[in-house]
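Chain letters run A, B, ... following the sequence lines, proteins first and then strands; every chain starts at 1.
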Number of protein chains: 2
Amino acid sequence: MAEREVDRSVSQTVKAQLALRDQILSGSLRAGERISELQAVETTGASRTPVRMALVRLEEEGLLEAIPSGGFMVKAFSERDISDSIELRGTLEGLAARFAAERGVSARELEPLKECLAAIDELLRQVPISVDAFSSYVALNARFHALLTELSRSPPLIRQIDRASALPFASPSGFVMAQSALPEAQQILIIGQEHHRVVIDAIENREGARAEAVMREHARLAVRNLRLALRNRTHLDLLPALALIRTATD
Amino acid sequence: MAEREVDRSVSQTVKAQLALRDQILSGSLRAGERISELQAVETTGASRTPVRMALVRLEEEGLLEAIPSGGFMVKAFSERDISDSIELRGTLEGLAARFAAERGVSARELEPLKECLAAIDELLRQVPISVDAFSSYVALNARFHALLTELSRSPPLIRQIDRASALPFASPSGFVMAQSALPEAQQILIIGQEHHRVVIDAIENREGARAEAVMREHARLAVRNLRLALRNRTHLDLLPALALIRTATD
DNA sequence: TCCCTCAATAATGTATACATAATGTTCCGT
DNA sequence: ACGGAACATTATGTATACATTATTGAGGGA
């Protein structure tokens with residue numbers, strides 16, 4: 001019933017985009033192979049026009065690659081590609097934090113960020129951290145990063161950060177679930193939260209360089225998670241978009 | 001005849017995209033107003049399907065904004081938006097330069113960049129600098145930035161830099177022609193070229209921080225140009241996409 | 001046996017007709 | 001005279017038919 005509602009209220013283009021994105025991330029559309037529009041029409045239920053619109057949008061999103069002779073294929077990413085994407089996002093978030101610090105943020109604007117910080121503190125108090133707490137963390141962490149980005153009050157920068165975070169493995173919370181299986185999980189979360197605390201402090205004191213540096217380091221922590229998760233073979237399935245990751249043997 | 005060739009070889013989508021982009025940048029489509037698809041069909045000569053594709057791509061490019069009720073309108077940019085976009089590009093180019101420096105670049109890979117540097121040196125030797133020399137500079141400068149970006153050997157980063165440079169006023173050579181009318185023109189070019197020289201030196205010596213810092217400062221020089229050009233009312237028409245710039249009075 | 005060419009097939013790119021939703025106008029009621 | 005509702009109009013979003021181009025297969029020649 002809820003599905004029927006969605007079928008009517010959401011455009012066919014969006015429906016096709018969501019369905020195709022799922023297929024890409026789940027690996028049912030394999031990297032390197034051309035995506036058949038007719039097949040996509042069958043699987044998504046939309047006609048070719050919205051399917052083609054969705055394909056264009058997914059290309060801009062970075063999940064697809066245009067084939068010179070026409071059509072699109074699923075892009076593959078090396079481990080280096082992924083870590084660079086994370087560092088790229090961290091660099092942009094660093095710029096956002098610096099803008100916020102240098103340009104000044106009122107106490108009222110900083111309040112939601114502090115509340116988010118406190119909520120994460122609350123979550124990390126329980127030891128050991130439950131799986132439910134991990135999912136709550138994912139949501140709160142995403143909110144923290146979104147709020148921080150907005151503090152830059154720079155629409156072009158916000159836009160670019162959103163685009164850089166669109167790739168599932170580059171998003172702020174991309175590897176959090178994957179770390180949940182790691183023995184180092186709790187330490188990593190505590191360190192990440194310390195970064196959150198520091199960036200707020202730096203923005204409050206208008207320390208632009210410090211705010212920028214800590215957000216960059218924060219991203220490097222995510223890169224470390226990625227490495228750990230990739231090496232820890234037992235829980236590889238928790239990695240987002242595992243099917244898109246091109247191993248050295250390919 | 002060459003036009004007929006283009007008409008056949010280039011897709012209707014690309015044709016529409018180019019035509020619409022021209023109309024946007026020239027100001028014949030005014031910011032804030034909804035773009036009529038039927039009107040676009042008439043002016044571009046393509047049918048509605050490729051026109052709509054072009055509109056989606058121009059939105060992703062950053063020139064258009066989706067209207068919630070449907071369709072698109074031309075986006076307007078404040079002076080702050082533009083300077084932030086330039087600094088954003090500079091930050092990404094800084095990251096590219098740092099990657100190149102830290103990861104190492106062979107002498108052979110650096111050669112094209114050095115040749116480009118020498119060609120600009122040659123150009124700047126003549127005093128005063130002619131208008132022709134300015135256009136040559138624009139091309140060489142664009143090439144320098146493209147080569148530098150590629151030295152990062154990071155496809156995700158290259159992609160993001162290309163996207164950040166897609167906005168005409170954020171591109172590396174965006175304001176060069178606008179400065180040509182300024183009395184400070186020659187000094188600015190000389191300082192910019194010094195930045196080029198330093199970033200090569202830094203990459204050669206694997207000085208990541210220095211390479212990054214100088215590219216950021218390089219972008220700040222462009223921001224200064226923007227300010228100068230906007231204040232120097234007499235040659236405002238040389239500014240790219242002047243029609244998109246939202247003045248304080250709007 | 002390998003390669004090149006030609007043809008059949010199936011894909012993408014385009015145009016257009018249709019449905020549906022938004023917008024503007026007119027008329028009626030207050 | 002002003003506000004609101006209903007209708008007409010025009011816009012966008014979607015589906016589908018068509019044309020053109022790429023791809024794949026078979027067949028013939030070197």
Side-chain angles (χ1 to χ4, degrees), chain A residues 3-24 28-61 63-75, chain B residues 1-24 28-61 63-75:
Chain A
E3 281 180 21
R4 289 298 165 103
E5 283 296 310
V6 169
D7 285 352
R8 279 173 203 158
S9 63
V10 172
S11 72
Q12 295 297 96
T13 299
V14 170
K15 215 176 70 174
Q17 191 175 351
L18 292 174
L20 286 172
R21 189 191 288 137
D22 274 350
Q23 292 180 31
I24 293 166
S28 79
L29 286 171
R30 268 177 305 188
E33 286 178 12
R34 171 188 246 129
I35 293 184
S36 162
E37 289 179 7
L38 276 79
Q39 189 179 323
V41 164
E42 286 176 10
T43 59
T44 65
S47 76
R48 272 191 67 214
T49 304
V51 160
R52 299 189 89 242
M53 291 290 232
L55 290 174
V56 170
R57 297 203 117 104
L58 288 168
E59 181 205 5
E60 306 286 347
E61 198 173 315
L63 289 175
L64 297 182
E65 204 176 339
I67 301 172
S69 64
F72 299 92
M73 61 186 223
V74 178
K75 216 192 268 187
Chain B
M1 191 144 97
E3 280 181 20
R4 291 297 167 105
E5 283 296 312
V6 170
D7 283 354
R8 279 174 201 155
S9 64
V10 173
S11 73
Q12 295 296 97
T13 299
V14 171
K15 215 176 72 173
Q17 191 175 352
L18 293 174
L20 287 172
R21 189 191 287 138
D22 275 349
Q23 293 179 33
I24 293 165
S28 79
L29 287 171
R30 268 178 304 188
E33 287 177 10
R34 169 189 246 127
I35 294 185
S36 161
E37 290 179 6
L38 276 80
Q39 191 178 321
V41 164
E42 285 177 10
T43 59
T44 65
S47 76
R48 273 190 67 213
T49 304
V51 161
R52 298 190 90 244
M53 290 290 228
L55 290 174
V56 170
R57 298 204 116 103
L58 288 168
E59 183 205 4
E60 306 286 349
E61 197 172 315
L63 290 175
L64 297 183
E65 203 175 341
I67 301 172
S69 65
F72 299 92
M73 61 185 222
V74 178
K75 215 191 269 187

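- Rounded to whole Å, the distance from CG on B:Leu55 to C1' on D:dA11 is 13 Å.
- Considering only heavy atoms from C-beta on, B:Arg21 comes within 4.5 Å of B:Glu61 through its side chain.
- By the 4.0 Å N-to-carboxylate-O rule, A:Glu33 lies close enough to A:Arg30 to be salt-bridged with it.
- Side-chain contact, B:Ser47 with B:Gln12: no donor N or O sits under 3.5 Å from an acceptor N or O.
- Within the 4.0 Å cut-off from OP1 or OP2 of D:dT14, not a single side-chain nitrogen or oxygen of A:Thr49 is found.
- In this structure, the side chain of B:Arg34 engages the main chain of B:Gly70 through a donor-acceptor pair within 3.5 Å.
- Atoms CZ (B:Arg48) and P (D:dT14) sit 11 Å apart, rounded to a whole Å.
- The two residues A:Leu20 and A:Ala54 make their nearest non-hydrogen contact at CD1-CB, 4.2 Å.
- Between A:Arg34 and B:Ile35, the residue anchored nearer the 5' end of DNA chain D, judged by the nucleotide with its closest heavy atom, is B:Ile35.
- Between A:Lys75 and A:Glu65 no salt bridge is recorded (no basic side-chain N to carboxylate O distance below 4.0 Å).
- As rounded to whole Å, 12 Å separates atom C1' of D:dA15 from atom CZ of B:Arg52.
- Between the CG atom of A:Leu38 and the P atom of D:dA17 there is a distance of 12 Å, given to the nearest Å.
- When the P atom of C:dG13 is taken as reference, atom CD of B:Gln17 falls 14 Å away, rounded to whole Å.
- Annotation: side chain of A:Gln17 is not in contact with side chain of A:Met53 (no heavy-atom distance under 4.5 Å).
- Atom CD of B:Glu37 and atom P of C:dT23 are 14 Å apart (whole Å).
- Regarding B:Gln39, its CD atom lies at a distance of 10 Å from the P atom of D:dT12, rounded to whole Å.
- When the P atom of D:dT20 is taken as reference, atom CD of B:Gln12 falls 12 Å away, rounded to whole Å.
- Within residues 63-72 of chain B, the residues having any heavy atom closer than 4.0 Å to DNA chain D are, in order of number, B:Gly70, B:Gly71.
- For A:Thr13 and D:dG13, the shortest distance from a side-chain N or O to OP1 or OP2 is not below 4.0 Å.
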